[in-house]
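First comes the structure, then the notes that go with it.
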Amino acid sequence: MSLGTRIFTWLHGDYVGVDVHGNRYYRGRKPNRWGQERRWVLYNGMPEASKVPPEWHAWLHRITDKPLTERVAKRRTWQKEHVPNLTGTEAAYVPPGHDSRRGVESRGKGEYEPWRPA
């Protein structure tokens with residue numbers, strides 16, 4: 001984050017909370033010109049929007065009035081942990097035969113039969 005964002009947050013923001021990734025969330029002290037409360041996040045590390053967990057995303061976009069941190073504690077057994085977007089990183093999914101697999105090609109297993117006109 002830039003120095004300007006830090007100064008703006010210090011002058012105009014009230015701390016709301018922090019998520020599991022260390023991102024800090026703030027709300028404005030005064031409503032904007034449309035009467036809505038301004039909400040923003042200061043990322044821990046590189047600014048990447050996919051690092052915002054769903055419970056905080058709902059709060060940032062005014063879907064809920066309060067962050068859903070209480071619901072996170074009551075997660076169901078089938079719910080998965082939030083995973084940020086891994087595109088462009090070493091952990092990104094690369095299918096077999098893709099150029100990024102460094103020359104390792106996926107050999108066909110004979111399931112494909114090309115069409116030949118009769």
>> Starting from Leu42, can I reach Tyr15 by hopping between I/L/V/M/F/W/Y residues whose side chains sit under 4.5 Å apart?
In response: yes
> Is the NE2 atom of His57 crowded by more than 12 outside heavy atoms at less than 6.0 Å?
Replying inline: no
> How long is the span from the CD1 atom in Ile7 to the OG atom in Ser2, to the nearest 0.5 Å?
Replying inline: 8.5 Å
>> Show the nearest heavy-atom pair for residues Pro53 and His21, with the distance to one decimal.
In response: CG-CD2, 3.9 Å
> How far does CG of Leu60 sit from CZ of Arg38, to the nearest 0.5 angstrom?
Replying inline: 12.0 Å
> Does a side-chain heavy-atom distance below 4.5 Å link Tyr25 with Asp19?
Replying inline: yes
> Looking only at atom types and distance, does a side-chain atom of Lys51 sit under 3.5 Å from a main-chain N or O of Asn44, one as donor and one as acceptor?
Replying inline: yes
> What class does the angle between the rings of Trp59 and Trp56 fall in, given that below 30° is parallel, 30 to 60° is tilted and above 60° is perpendicular?
Replying inline: perpendicular
>> The test is side-chain contact (heavy atoms from CB on, under 4.5 Å); show your working for Arg39 and Arg62 and say whether it passes.
In response: CA-CA 9 Å; Arg39 299 173 180 184; Arg62 295 183 190 88; 4.0 Å; yes
>> When you compare the side chains of Asp14 and Tyr26, does any donor N or O come within less than 3.5 Å of an acceptor on the partner?
In response: no
>> Checking Thr5 against Trp40 for the side-chain hydrogen bond (donor to acceptor under 3.5 Å, both in side chains) test, could you report, in this order, the C-alpha distance in whole Å, the side-chain angles of both residues, the deciding distance, and whether it holds?
In response: CA-CA 10 Å; Thr5 304; Trp40 66 94; over 6 Å; no
> In this structure, are over 12 heavy atoms from other groups packed under 6.0 Å from Asn32 atom CG?
Replying inline: yes
> When clusters are formed by joining ILVMFWY residues with side-chain heavy atoms under 4.5 Å apart, either directly or through shared neighbours, do Val52 and Ile63 land in the same one?
Replying inline: no
